[in-house]
Amino acid sequence: MSELIIDNLAVEVGGKEILSDVSLSIRSGEVHAVMGPNGAGKSTLSNAIMGRAGYTVTSGSVTLDGIDLLALETFERAKAGLFYVMQAPTEVPGVRMADMLNASLVSAGTGITDMPAALAAEASSIGFDVALLDRSLNVDLSGGEKKRSETIQMSVLNPKIAIIDELDSGLDVDGLRTVAARVEKLTHDGLGVLVITHFPRLLAELSADKVHVLAQGRIMTTGGPELATELERTGYGAYAEAEPETKKRPEIDDPFFL
Amino acid sequence: MGVSLFDVTFPFTAARATLISDDTVRADAAEMAAGMGLPDTSAEGWRYSPVGDLDLDSLQPVTAPPTVSLPKISEYEDHLAALDVAASVTVINGFVTSVEVADGWAAKGLVVAEQPFTMPPLAEEPNFFDVLHTGFAPAGLVVSVPDGLVVDEPIVIRNHLTAQSAGFSSLTVDVANNAEVMVLEHFTSEAGCLGVPITNFVVGDRATLKHTSVQDLDPSSWQIGRILGSAGQFGVLSSGLVAFGGKYARVRTDIDLVGRGAKGELVGAYFCDGDQIIDYRTFQHHRAKDTISDLLFKGTVDDEAGSVYTGMIHIHPDGAGSNAFQTNRNIKLGEQAWAWSVPNLQIENNEVRCSHASTVSPVDPDQRFYLHSRGVPPTVADRLIVAGFFEEALKRVPIQPAAEMARALISAKLDQRLGIK
């Protein structure tokens, strides 16, 4: 049994406080959804947990099975058992998925005897064209292909806890169903999931044990799956004070607003 | 076998007296070189170079073809040894010391032979090294491909310099109409050398030349090379330069697209570390309608090393309908490393499509974060990213076994960086 504990976390970006007093804990096999409107700080939460430069933790702690993740470099957090499915995975020209995963596994002192076969099996199980495995990471992939690529990597690296940021973006309905089913199967094998989304309908495909509403940098409320159903009906209006008519610029790492 | 045309010692005052008396071109050139001195670094073409540091007095006179056997420089040469070749040539200290042409290709009319070199007309006044070459070069190598012959195996030229030597090699490749040929050059050296290789490519109508050079000189040696090339109607001239060695290694490439629809493709990949400087100058001259040129140079600089890329796309008045592209990208690994990238356009016809781009930047932090987030340690991540960065260029290297050699050399440099070797 693994447990990721986020306790009273506060995060600044560019000197501005984006998250304050965020507390969550996720155990093996659980799916937690953090939901909230654009600009609520959802992506800041995942980047801060992963240790991305520019996301400064000003107070609080994040531990995985008692290990202080905030004291570790990003790659050490991954080795400790975290995986981050990015909203917009970065293109890495000239580097193939197998090369990266091999480097990761070698550094962890493990390995896979037949990486190409393992990747091909994962790829075909979620409808990812096997021919794309030989391409540079994320280069010239559609949004949906990128999410499938992230899912293949997650399956091969076999983390304890996955943070999944906007799984639905780029995936069509069938694609989302396939990928969500793969994630759900991983949870049956013990993966704990923190899924971040602004889109309540995602949870029709990936059922959450708990739903947390993040707005204005804080967890406003926590409930069961029924909270997502309610949000689909009511929106986030109740949690955002004086939500402006015009769209607010979201946090800086949202690529659609850069 | 090469015949010694001169018996010289540096500096040039001693050399002049011993030049063959009836070779006035050589004698004049030698005299002129002695009078010129090294290029002035205040001139635009040399402003980023350390040319003033070249110690001519440290170089040994080269008076006769050496009898040494070639050293194996590295395991990567196995890529070459495994090739089926149309011809195999050895050049040592500028002298052509052996030529072997496969019987089948010789019977079809392929000529690979030693022959005096004639410098083609230059666009501007010859510089010190051009003149020095004219004064001191022994006979060079000529490759001549008859009309319509398609030579689909490479001609491999191993060009080596022994310690402290100055070598003035020459290569002329004449590809007649409708013919095709591949020329792979491999430059190596021992310590403290100067190589001045001059190359002239003449590509006929609908002819194709694929050229690639792999430069792996000793890090204490200098190279001042130049490539002049022209392509006729719908001719294709592709040249790849991969460079990893040398203290100061410079190649200037001038491509003249003289026939309608002619195409020039230039690709470069270079990695310098320590105190190396690699310096490229390129000129893409569009002198006829519908000509195409595409240039991609990618490099990495580490430690205190530097790179220079200065390039010019020149669309001449008759170049309507031309397409010209020029891209230079650099990764700066070391804090003290530096890269100058200066692309230029000169356009004298409006019906053209041109683009140029250049970047000098450290390893991309987003790419780093992505790999780190998958559990790849930082040094290994940088290694993957840098090796991957070169792939775009290496895939375009005209003779792919050279790309394999380049990958091995890049790996060796990255391993050295990580302390693996």
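Below, chain A is the first sequence line, B the second, and so on; all start at residue 1.
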Whatever's closer than 4.5 Å to a heavy atom in chain A on B:Gln367 counts as both
Most heavy-atom pairs under 4.5 Å with chain B, out of A:Met154, A:Glu91, A:Met100, A:Lys79, belong to A:Met100
Heavy-atom distance under 4.5 Å to chain B: side chain of A:Pro89, backbone, both or neither?
both
Spacing of B:Ser373 atom OG and A:Asn47 atom CG [to the nearest 0.5 Å]:
9.5 Å
Under a 3.5 Å distance rule, please check whether B:Arg374 uses its side chain to pair with a backbone N or O of A:Tyr84 as donor and acceptor.
yes
A:Arg27 atom CZ, over 12 foreign heavy atoms within 6.0 Å:
no
Best-contacting candidate, A:Glu73, A:Arg77, A:Met86, against chain B by heavy atom pairs under 4.5 angstrom:
A:Met86
Using 0.5 Å steps for rounding, measure from the CE atom of A:Met50 to the OH atom of B:Tyr370.
11.5 Å
Closest heavy-atom pair and its distance - B:Gly375, A:Ala78
N-CB, 3.3 Å
Please find the pair of heavy atoms, one from A:Ala103 and one from B:Leu384, that lie closest to each other, and give the distance.
CB-CD1, 3.9 Å
Does A:Lys146, at its NZ atom, have more than 12 non-hydrogen atoms belonging to other residues, nucleotides or ligands within less than 6.0 Å?
yes
Chain B heavy atoms under 4.5 Å from A:Asn102: which part of the residue, side chain, backbone, both or neither?
neither
So do B:Val380 and A:Phe75 actually touch side chain to side chain, heavy atoms under 4.5 Å?
no
Examine whether an atom of A:Glu76 lies under 4.5 Å from a heavy atom of chain B, and if so say whether it belongs to the side chain, the backbone or both; otherwise answer neither.
neither
Are A:Thr90 and B:Phe369 side-chain neighbours, meaning at least one heavy-atom pair lies under 4.5 Å?
no
In terms of heavy-atom contacts, B:Pro377 and A:Ser107 come closest through CG-OG, 3.3 Å
Does a sphere of radius 6.0 Å around CH2 in B:Trp338 hold more than 12 heavy atoms from other residues, nucleotides or ligands, not counting ones at 6.0 Å or beyond?
yes
Does any heavy atom of chain B fall under 4.5 Å from the side chain of A:Leu137, the backbone, both, or neither of them?
side chain
Look at atom NZ of B:Lys247 and say whether more than 12 heavy atoms of other residues, nucleotides or ligands are closer to it than 6.0 Å.
no
Residue among A:Gly94, A:Ser136, A:Pro159, A:Ala80 with most heavy-atom pairs under 4.5 Å to chain B:
A:Gly94
